[in-house]
Number of protein chains: 2
Amino acid sequence: MKQPRVESVEKALSILEAFSKDRPALTLTEISVETGLYKSNVSRLAASLERYGYLKRDPNRRFRLGPALWRLGALYRRNFELGESVRPVLRQLVRETGETASFYVPDQDERLCLYRENSPDPVRHHLDEGARLTMQSGAAGHVLAAFHLGDDTARARLDADGSCVSQGERNPHISAVAAPIIDATGQFHGALAVSGPLERLNREALAKARAVVVASARALSRGLA
Amino acid sequence: MKQPRVESVEKALSILEAFSKDRPALTLTEISVETGLYKSNVSRLAASLERYGYLKRDPNRRFRLGPALWRLGALYRRNFELGESVRPVLRQLVRETGETASFYVPDQDERLCLYRENSPDPVRHHLDEGARLTMQSGAAGHVLAAFHLGDDTARARLDADGSCVSQGERNPHISAVAAPIIDATGQFHGALAVSGPLERLNREALAKARAVVVASARALSRGLA
DNA sequence: TTCATTTGTTCTACTCTGCGCAACAAATCT
DNA sequence: AGATTTGTTGCGCAGAGTAGAACAAATGAA
């Protein structure tokens, strides 16, 4: 059997993927170059995307992502009844550790920062909600790789309780600790993590943080009916 | 000239539109019914959407919106450098009026609640960020219709300063006041609004709120380089 | 358990969509 | 003004995408 797919749809979606934090507005030719599609083709695909509000054109006729994405994105996040329960947990983690707390979910073969509460400390690990990182490194990355992809190498890095720590792995100045969220049915939802500057979040602090994160993850996991 | 469009892409997007707050998870047949597309067709389109993370299947194989939407939605919202500036303004409005404050942007021929800060009062006008309402009614609706669509009827309802009030219009128990955000180049961005229960937000309170909203909208408008 | 029913996937043939490309138009720069 | 870049439109062919049915898998009933 052949994997079914619809080419033009995937082309259209790849147009959306061309946008990023650093490139929030693109001209037709830029999109064309970025995606490798012909300009005429992009023009037509973009027209359809625009109709549905997935793209819009700013005053100088450049393309930007459209409001429909935000609307559907909000719907997506609502699916996680988690939202209501995760935020307080993150805030609690920030209070208890003084560091930044985040919640990651798998997005394709990468990981997505779904929720985040930043440390009050001016020197902190900063990252935006909606940011996407690799699953190949970082404490949360390993947890996701192990539970979502079923990666054995990653699984080997995990503690018996499923938690994982990393020091200066993805970013040389950051250490972190993460634990999985798994509901009663065994369904994996994502990873809870605390991260901060390596200097402050040293071996000792990490060990303490690990206990807190694991406990919070347990509580959250239980909270999912 | 014929309006360019790509049929399969629009079909795919209409699949995403089939999801809503009340129907966050759909089976293949449900999508098929909702969109009027053949099941085999939905199956293939959905496969492509799934590949790109716009859809995912939950444990019972039902379709749900995917994380890519949230990621891109976050990017979209970032485009509004507004975000950073709007939130504080909304909070300030809540503080000054005691009612709920929101920021709406146009989304196709409707309006989308992009940011919202709720009143601390237990009896308040509740609505979620990401919710979509008509442009045909409500104070913010008229402002958007007037400035975005250029609707003359709506324009006639506006005050000289562009503001607009409504009492029990969209919802019989809610009154509201809204004002437009327009940057130095004349570009319209959206509407700032304060809304609350009709009983509390009466004629008198509305008049007071209008002044506050208009002032905030002015300040915000100026804040956009 | 077995049978019935619903739900989802796979296959095929035909049609018309979507594609590449080139010619055209519009905007921007010199 | 002319030159160059950027976006749109027209056209014909290839083949992508569709409808429909047949098949497979899951679910429910008995």
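Letters A, B, ... are given to chains in the order of the sequence lines, protein chains preceding strands, and every chain is numbered from 1. Side chains are part of it too, since the values below use all heavy atoms of this structure and drop only hydrogens, waters and symmetry mates. All of these numbers come straight from a predicted model, not from anything done at the bench.
In this view, B:R57 and B:E50, B:R61, B:F63 satisfy the side-chain contact (heavy atoms from CB on, under 4.5 Å) rule, not counting sequence neighbours. Among residues two or more places apart in sequence or in another chain, the ring pair (Phe, Tyr, Trp, His ring centres under 6.0 Å) test is passed with A:Y104 by none. Under the side chain to side chain donor-acceptor pair (under 3.5 Å) criterion, B:S14 pairs with no residue at all, not counting sequence neighbours. Annotation: side chain to side chain donor-acceptor pair (under 3.5 Å) contacts of A:Y54 (sequence neighbours excluded): B:E17. Residues satisfying the side-chain contact (heavy atoms from CB on, under 4.5 Å) criterion with A:E7, sequence neighbours excluded, are A:R5, A:K11.
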Just the table, please: protein N/O against nucleotides 16-19 of chain C N/O, every pair under 3.5 Å.
residue	atom	partner	partner atom	Å
C:dG18	OP1	B:E7	N	2.7
C:dG18	OP1	B:S8	N	2.7
C:dG18	OP1	B:S8	OG	3.4
C:dG18	OP2	B:E7	N	3.0
C:dC19	OP1	A:K11	NZ	3.3
C:dC19	OP2	A:N41	ND2	2.7

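Relative ring orientation between B:F188 and B:H148 is described as tilted, the plane-to-plane angle lying within the 30° to 60° band.
Side-chain polar atoms of A:S48 and B:E10 form a donor-acceptor pair below 3.5 angstrom.
Per the geometry, NZ belonging to B:K39 stands 7 Å off P belonging to C:dG8, to the nearest Å. Atom C1' of nucleotide C:dA27 and atom CG of A:L28 are separated by 14 Å, given to the nearest angstrom. Taking atom CD of B:E10 as the reference point, atom C1' of D:dT18 lies 16 Å away to the nearest angstrom. If you measure from atom CG of A:L37 to atom P of C:dG20, you get 7 Å, rounded to the nearest angstrom. Atom pair A:R61:CZ and C:dA27:P shows a separation of 9 Å (rounding to whole Å applied). Between A:I15 atom CD1 and D:dG7 atom P the separation is 13 Å, expressed in whole Å. Rounded to a whole Å, the CG atom of B:L26 is 14 Å from the C1' atom of C:dT7.
The A:S43 side chain lies nearest to D:dT8 when the options are C:dT9, D:dT8, D:dG7.
A:S40 comes within 4.0 angstrom of a nucleotide base, judged by non-hydrogen atoms across all strands. Counting non-hydrogen atoms under 4.0 angstrom, B:R62 reaches nothing in the nucleic acid.
Between B:T29 and C:dG8, a side-chain N or O to OP1/OP2 separation shorter than 4.0 Å is present.
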